[in-house]
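The basis for the numbers below is simple: all heavy atoms, side chains too, and nothing from hydrogens, waters or symmetry mates.
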Amino acid sequence: LKGAAPLNELACLSLPRRAMTKAVYYKLWASTANWTQRYTYGWYQVWARMMPWCFVTVPACAWFTFGWWSDAWKKTLTLGIWEPPLVHWDSNMTV
């Protein structure tokens, strides 16, 4: 075989590939080793940054969606102060 590389040169070429493969797998295993801890810490960071906004967003959400709630939930949220209206578009006043 003219121009073919000797056997020991081919063996040397395959060594870095094996070493690189091990390095890649090591990197993958290292990145997934403490995945649960990183995942929970990531969500902790998200909630820690979002919690100051709950003092604004929760009352605003309650204010804008109050009309869609059932009468029981309205009474619960207002600690019993809210009463349904006497005349309502959904009640039959002729009976």
Side-chain angles (χ1 to χ4, degrees):
L1 296 166
K2 190 172 187 177
L7 185 58
N8 60 356
E9 284 184 26
L10 291 176
C12 289
L13 290 175
S14 65
L15 281 177
R17 286 188 189 150
R18 264 191 264 145
M20 189 172 74
T21 303
K22 286 182 183 179
V24 168
Y25 279 116
Y26 177 77
K27 186 69 174 174
L28 287 172
W29 291 329
S31 67
T32 58
N34 296 321
W35 182 83
T36 304
Q37 286 180 339
R38 285 194 311 274
Y39 179 78
T40 54
Y41 181 74
W43 276 110
Y44 169 77
Q45 286 294 314
V46 169
W47 282 106
R49 291 179 181 159
M50 294 299 290
M51 281 310 293
W53 287 99
C54 77
F55 299 110
V56 176
T57 56
V58 171
C61 181
W63 176 267
F64 287 114
T65 62
F66 190 80
W68 297 334
W69 298 357
S70 67
D71 291 344
W73 279 110
K74 289 177 184 177
K75 195 164 192 167
T76 302
L77 179 73
T78 60
L79 304 174
I81 296 173
W82 189 85
E83 290 290 334
L86 295 175
V87 178
H88 192 264
W89 61 269
D90 197 23
S91 61
N92 188 359
M93 300 299 285
T94 61
V95 176

Report whether Val56 and Met51 are members of the same hydrophobic cluster (ILVMFWY, side-chain heavy atoms less than 4.5 Å apart, transitive linking).
-> no
Heavy atoms, side chains only, cut-off 4.5 Å: are Phe66 and Thr78 in contact?
-> yes
How many angstroms lie between atom OG1 of Thr76 and atom CH2 of Trp69, to the nearest 0.5 angstrom?
-> 9.5 Å
Measure across Pro59 and Cys54 and return the closest heavy-atom pair with its distance rounded to 0.1 Å.
-> CD-O, 3.6 Å
Which residue pairs satisfy the salt bridge (Lys or Arg N to Asp or Glu O under 4.0 Å) criterion with at least one member in residues 58-81, sequence neighbours excluded?
-> Lys75-Glu83
